[in-house]
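From a predicted model like this one, the values you see are computed outputs, not experimental measurements. Chain identifiers are assigned alphabetically (A, B, ...) following the order of the sequence lines, protein sequences preceding nucleic acid strands; residue numbering begins at 1 within each chain.
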2 protein chains.
Amino acid sequence: MMEILRGELRERELPFTQQREAIARVLFESTRHLSADDVEAALLDRGQQIGKATVYRSLALLVELGLATEHDFDEGFRRYQMKVGAAQYDHMICTVCGGVTQFRQEELEAVLSVVLQEAGFEPLTRQIKIFGTCHDCT
Amino acid sequence: MMEILRGELRERELPFTQQREAIARVLFESTRHLSADDVEAALLDRGQQIGKATVYRSLALLVELGLATEHDFDEGFRRYQMKVGAAQYDHMICTVCGGVTQFRQEELEAVLSVVLQEAGFEPLTRQIKIFGTCHDCT
DNA sequence: CTGCCTGCAAATGCTTTGCATCTCG
DNA sequence: CGAGATGCAAAGCATTTGCAGGCAG
């Protein structure tokens with residue numbers, strides 16, 4: 001993982017700094033979607049203090065490098081998550097408990113590609129968010 | 001349309017004010033997604049000056065009443081649109097020209113409902129946003 | 001009348017930016 | 001050494017809130 005980051009950075013002749021490594025590691029070691037604050041707190045937990053501006057800048061960079069994804073669950077701030085493989089997930093957000101469940105449905109891809117093809121639209125990223133009540137909160 | 005708004009408000013014993021009417025009208029007469037600023041400007045165009053706080057409060061109310069929908073196209077602010085019928089639209093957002101194209105695919109509903117059913121998730125609203133390059137900007 | 005609304009301005013809270021300093025390569 | 005990164009604090013912006021005065025019912 002760190003190797004991939006290192007590679008992407010080298011490719012663009014950008015320095016592989018301690019901060020970038022630490023931020024990517026925090027993100028990578030969590031399965032949840034983290035906010036900039038979450039990342040900052042996690043860093044403090046492990047004794048690393050990194051300025052918030054740097055956290056924001058690094059998160060944006062990771063997204064730009066295609067190594068992380070950015071999500072907006074209507075909380076007033078954004079969350080980030082490392083992309084593991086190529087797969088992208090869609091989300092169900094419970095408006096009661098705030099829980100986020102990821103899902104993936106192959107058939108969805110097929111149906112969507114039909115629409116895109118018809119419109120001559122070249123997809124880059126997509127976000128599918130379904131708000132509602134989860135199983136436990138029903 | 002105004003009748004519906006009037007009815008929803010009465011039902012909750014909330015006053016049907018000039019401002020609420022004007023804001024709903026602006027939204028209703030536009031086919032596009034409007035930001036709070038857009039609404040404020042449109043109101044000024046027709047000689048009505050309404051405080052921005054009221055615009056925000058009314059838009060939130062319309063969403064709560066189920067008469068309007070809120071969208072976030074990653075521009076740093078939100079946009080609103082009146083719900084015409086029951087139908088909800090999904091969107092393709094061109095990252096080059098910023099254009100938003102609405103679409104609707106019946107098969108999507110079917111595929112999604114399978115996922116939701118499996119998870120025991122009760123949907124309330126959903127947002128499908130596909131970012132990419134539109135036909136004209138290719 | 002009474003409660004909810006409106007407007008203004010001030011406050012919020014996330015995110016971005018300017019700038020001096022430091023680090024990677 | 002030099003380009004780019006970092007940190008801090010200040011700035012930016014969309015959105016929210018407090019409060020005095022107004023309007024709908």
Side chains of [X] and [Y]: closer than 4.5 Å at any heavy-atom pair?
| X | Y | value |
| --- | --- | --- |
| Arg126(B) | Glu109(B) | yes |
| Ile130(B) | Phe103(B) | yes |
| His91(B) | Thr101(B) | no |
| Ile23(A) | Leu59(A) | yes |

Of all the nucleotides listed ([options]), which has the minimum atom distance to the side chain of [X]?
| X | options | answer |
| --- | --- | --- |
| Gln49(B) | dT15(C), dC8(C), dT15(D) | dC8(C) |
| Thr17(A) | dC8(D), dA14(D), dA5(D) | dA5(D) |
| Leu14(B) | dT6(C), dC4(C), dC8(C) | dC4(C) |
| Ala53(B) | dG7(D), dT6(C), dC8(C) | dC8(C) |
| Pro15(B) | dT15(D), dG7(C), dC4(C) | dC4(C) |
| Ala36(A) | dT15(C), dG7(D), dG25(D) | dT15(C) |

Report the distance from atom [atom1] of [X] to atom [atom2] of [N], rounded to the nearest whole Å.
| X | N | atom1 | atom2 | value |
| --- | --- | --- | --- | --- |
| Leu9(B) | dT6(C) | CG | P | 10 Å |
| Leu62(B) | dC5(C) | CG | P | 13 Å |
| Glu13(A) | dG2(D) | CD | P | 17 Å |
| Ile50(A) | dT23(C) | CD1 | P | 13 Å |
| Lys52(A) | dG18(C) | NZ | P | 20 Å |
| Glu75(B) | dT16(C) | CD | P | 15 Å |
| Asp74(A) | dT16(D) | CG | P | 11 Å |
| Leu61(A) | dG4(D) | CG | P | 13 Å |

Short side-chain N/O contact to [N] OP1/OP2 from [X], under 4.0 Å:
| X | N | answer |
| --- | --- | --- |
| Tyr56(B) | dT16(D) | no |
| Gln19(B) | dG7(C) | yes |
| Arg57(A) | dA5(D) | no |
| Arg20(B) | dC5(C) | yes |

Does a salt bridge link [X] with [Y], judged by any charged N lying under 4.0 Å from a carboxylate O?
| X | Y | result |
| --- | --- | --- |
| Lys129(B) | Asp90(B) | no |
| Arg6(A) | Glu8(A) | no |
| Asp37(B) | Lys52(B) | yes |

Test applied, ring-ring contact (aromatic ring centres under 6.0 Å, His included); reference residue, His33(B); option that passes from Tyr80(B), Phe73(B), Phe77(B): Phe73(B)
Overall bend - the helix from dC1(C)-dG25(D) to dG25(C)-dC1(D), comparing terminal axes fitted on five pairs, nearest 10 degrees: 40°
Whichever of Gln18(B) and Arg78(B) has its nearest DNA chain D nucleotide further upstream toward 5': Arg78(B)
